[in-house]
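Just the heavy atoms: all of them, side chains too, but no hydrogens, waters or symmetry mates, feed the values below. Chain letters run A, B, ... following the sequence lines, proteins first, then strands; residues in each count from 1.
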Amino acid sequence: MDASANTAYLTKEEQAPAAPKFLAHPTAKTGLMGWLTTVDHKKIGFLYGFFALIFFLIGGFEALLIRTQLMVPNNNVLTAQQYNTLFTMHGTTMIFLAVMPLSSAFFNFIMPLQIGARDVAFPRLNAFSLWTFVAGAIILNIGWFLPADKYGAPDGAWVGYPPITSKTFNPKHSIDFWVMGLQLLGVASIAASLNFIVTIINMRAPGMTMMRLPVFVWMTLVTSFLIILSFPAITIALVQLMMDRNFSTSFFEVSGGGMPILWQHLFWVFGHPEVYILILPAMGIISEILPTFSRKPLFGYPIVVFSGACIGFLGFAVWSHHMFTTGMGTVATAAFALATMAIAVPTGVKIFNWIGTLWGGHLMMRTPMLFALGFVWMFMLGGMSGIMHSAAPADAQQHDSYFVVAHFHYVLIGGSIFALLAGLHYWFPLMFGRKVSEGWGRVSFWVIFVGFNVTFFPMHFLGLNGMPRRTFTYDPNLGWNSANFIATMGAYVLGIGMFIYFAVLAYTYFKGEKVGRDYWDGRTLEWSLQNPPPEYNFSAIPTVHARDAWWYEKHNQAEVEKERAQHAKEEEAHGGIHMPYGSIWPFVASMGLLVAAIGATCFDANPNPGIHAKLGITLVGGVITFLGIYFWSLEGNEGYHLHLDKDGKVVEDHSHRH
Amino acid sequence: MSSHAATIDHHHDPTTSTGIPNKKLLMWAFLASDCMFFGTLISTHLIYRLHPPAGGLDPKAVFSPELTSFSTFILLMSSLMMALAVTAIQKGNVKSCRWSLLTTIFFGMIFLGCQVYEFQHFVYDKKMTLSNSLLGTTFYTLTGTHGCHVAIGVLWLVLMYVRSFKPGTGSAQRTWFSAQILHAATLIVLLLLVLKVTLGLVHALQVEPGFGAAMTSFLKHEFLGIAGMMLALWGCVWFARPRGPVQFGVANAIDVESMGLYWHFVDIVWIVIFTAVYLLEYL
């Protein structure tokens, strides 16, 4: 069918200059080439989720090893070096390779559906983001497979403070992997965020005003702005660290006049907004789930939206609360303490609005709702200990203790992860047309909930009793034994809970019970689609009349159907549904970055003149990336058309490409 | 712009919710992000200027503000040419657009040439290297990053200029793809050779005692470069010969405009760098 259409194209416009064969648009929709060349936001979202879940399991396994080592005093399951590597990779993996890409999976899959769009604004850029993320993940983890004496996996903690990461104290290539891996992940995140920003601002369906956007879309927008504005700080800090390590500069070298404290500032200028990059998507998901299962619209929608934006703004003004003990002076400390306390206000407002949504609702206690309620409760606990940290004198006691570990696991597992797990259950019927077993879903929730609290609640006491973070073992006479033992047991329970959750998810993907459209009786536009959604998403672009657009449609069917038929006719008159062609070039450009990063990290600098392995391979990678981008631009952004016949069957039409 | 784009092709330029073309919005958002990149670098430089290490270099003993003022002026003028290129293509004037693009490229290359000269002058004559002083560390990283932005901009301009020769429907040209690549490669080789030869000329004038001796030495050292330059120049003229209708016009105005936004931004950043890094030292 494709081939005949192509011939028709050539005979019709014989005069058109021929494109070289390798610039021809790929048409494979299945198989390996289908996945590598896809520009469909749903497939890209699926791949993001797939990779994120793999890394989530790896990061979880690393956590279990850490807890096993700390189960009893003076344990020797791990050496100190292995322990350093594991807690570094656990943190880095969970933040950059699990929570962020899982959020990104939802941004990709759900956000365009919620605003009534057929794809993101730049489909090929979206594919580039995905594959660059994969390249970064490979670089970050490549050290596991190389000899530990010279390479090894990164071991400088997720914050990478120099001089721990300086060449003098860490001459191995492991830190180079960390630097370059994060650089690639930064490129991927910024490119993806630029795409989401343009998509949300510019690709909304008619009638979908900004104040009608679902809260999840709003939080996607705020998160994207946080990413494009905060990642540059760490990108430059990493460049400076890379220069220090490779070109003997002295940005953070005390001997050359540099100040390591500068790294801490630059890192946390990125690092604190990053915390909100992890939690705001979660808040968005919760703001979708609570109304659906309370059978009520979200309480105080504008306030929830503004609170989210307010958290985003304030997120840039609090970075130094990670550095209260560095001696910044009274004024700076007081200012950052006050700004930090101020963030509690919009956060508290959100929690009250969620409670307001539940209040008087007809609550449906299904699995996503359980996770969502767990989120509200657990996130609040984490927020409370956060406020304790904001008081600088108290923080001086808690700094770098297990109290901090307890705090951020409450906001990251009890917060982000609970919401993402809720989102997976919630949108699973839409994504794959199957529903996750309710019984097993509940079991996994309760096991996870109990395991999580048993693991992390005792850590509050450990911290207040003086147990420092990032120590690989402890003496038996310090009073930390029982709490550590309980925490480790809790971690195993949490591990079992996660195993149940994902085993059930995998089973459902292949064998789960099939369900029809709009399984939860939802409120937002994505539920108006059949499941799984077709590649063109909407057979006719919807017109939005109300904040809960699909809810309105369900209650005004006659009007909406007339309108849709009208739209479908208009679109058909304009040539049908416009679809973008797939492309291999984003993948090629990303793989060029991978080659360049391998060249820059895996080889020693050679002082002799000429081109050696390090420079040579890096240059080859750079050329591949350049050619990928150049061919990507030369192939053009043309697409083809789809027509739906009377039975809703799809007919592809390649006759007039644009 | 949006109404403009809509009149070009109702059919396929998808009307955006805001009326702002997607590419333009993308570029604005990217530049917001780029602000933070340069903000971090400039902050680093200024922090270390406020807390200089004992016995560090004095920037006033290193900088030569006359040359930098000149290159700043050239970069500003390149922005003017960029703006003219955008206006030209918005009116569908491909020829005028091409000349403006070429001038922008030319001015951009003068700026880059000044930077290459400045760097080697600082390293060899003023003994300020990337690693021997904190000033060198922050200065070269900051201005080098800016130079990379200009170089990427020049590369983009070159590819856009070459893109304007893509044959349109009705052209008999069947090998446009290899022509594009060879054309771009030739132009890049030309630019690099012009840079090399010019720097060679400056070097000869500085090192040799008299004008005649300088010319002799210059011709002796740069003979191959000059020959290659002439050849590349001829190649560029040959590729640019008129060959029928092209696929480049008002519809591509948004592409040129996005590139222009980037170029102007890099220019504005330089004004900030010039003020903060050079001029502030003389206050």
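- In this structure, B/S133 and B/L57 approach most closely via the heavy-atom pair OG-CD1, 3.5 Å.
- If you tally non-hydrogen atom pairs under 4.5 Å between each of B/Y48, B/W28, B/Y140 and chain A, the highest count goes to B/Y48.
- Between chain A and the options B/L155, B/D255, B/N132, B/D34, the largest number of non-hydrogen pairs under 4.5 Å is found for B/L155.
- Using modelled atom types, one finds a donor on one side chain and an acceptor on the other under 3.5 Å when comparing A/N202 with B/T18.
- In summary, the side chains of A/W319 and A/H265 do present a donor paired with an acceptor at a separation below 3.5 Å, with no hydrogens or angles considered.
- When the candidates A/F626, A/F251, A/F247 are compared by the number of heavy-atom contacts under 4.5 Å with chain B, A/F251 comes out ahead.
- Aromatic ring pairs are classed by plane angle as parallel below 30°, tilted from 30° to 60° and perpendicular above 60°; the pair A/F270 and A/F267 is perpendicular.
- Heavy atoms of B/F37 lying under 4.5 Å from chain A belong to its backbone as well as its side chain.
- Of the two parts of A/F196, neither the backbone nor the side chain holds a non-hydrogen atom closer than 4.5 Å to a non-hydrogen atom of chain B.
- Defined by atom type and a distance below 3.5 Å, a donor-acceptor pair is present between the side-chain atoms of A/E638 and A/H25.
- A/I201 touches chain B through backbone and side chain together, each having a heavy atom under 4.5 Å away.
- For B/A184, the part sitting under 4.5 Å from any heavy atom of chain A is the side chain, from C-beta outward, and nothing else.
- Residue A/F231: no heavy atom, backbone or side chain, is found under 4.5 Å from chain B.
- Remark: B/F38 CZ to B/L31 CG distance equals 10.5 Å, nearest 0.5 Å.
- Using a 30° and 60° split on the angle between ring planes, A/W585 and A/F631 fall in the perpendicular class, above 60°.
- By number of non-hydrogen pairs under 4.5 angstrom with chain B, the leading residue of A/G258, A/P206, A/A205, A/A121 is A/G258.
- Heavy atoms closer than 4.5 Å to chain B are found in both the backbone and the side chain of A/L194.
- Partner of B/H45 under the side-chain hydrogen bond (donor to acceptor under 3.5 Å, both in side chains) criterion, out of B/T138, B/T137, B/T40: B/T138 alone.
- Contacts between A/I227 and chain B at a heavy-atom distance below 4.5 Å are absent for every atom of the residue.
- Of the atoms belonging to A/F225, not a single heavy atom falls under 4.5 Å from chain B.
- Proximity to chain B (any heavy atom under 4.5 Å) is shown, for A/M259, by both the backbone and the side chain.
- Taking the six-membered ring wherever Trp is involved, the centroid distance between the rings of B/F265 and B/H149 does not fall below 6.0 Å.
- For A/L266, the part lying near chain B is the side chain, with the backbone staying farther off; criterion is any non-hydrogen pair under 4.5 Å.
- Heavy atoms closer than 4.5 Å to chain B are found in both the backbone and the side chain of A/M203.
- Residues B/F139 and B/F122 place their aromatic rings such that the two centres sit under 6.0 Å apart.
- Looking at A/Q240, only its side chain comes within 4.5 Å of chain B, counting heavy atoms on both sides.
- Taking the six-membered ring for Trp and the full ring otherwise, A/Y581 and A/Y640 have centroids separated by under 6.0 Å.
- The residue among A/V269, A/I197, A/L125, A/V198 with the most heavy atom pairs within less than 4.5 Å of chain B is A/V198.
- Between chain B and the residues A/M243, A/R204, A/E253, the most heavy-atom pairs under 4.5 angstrom are made by A/R204.
- Heavy atoms of B/L26 lying under 4.5 Å from chain A belong to its backbone as well as its side chain.
- Side-chain N or O atoms of A/S248 include none that pairs as donor or acceptor with a backbone N or O of A/D244 at under 3.5 Å.
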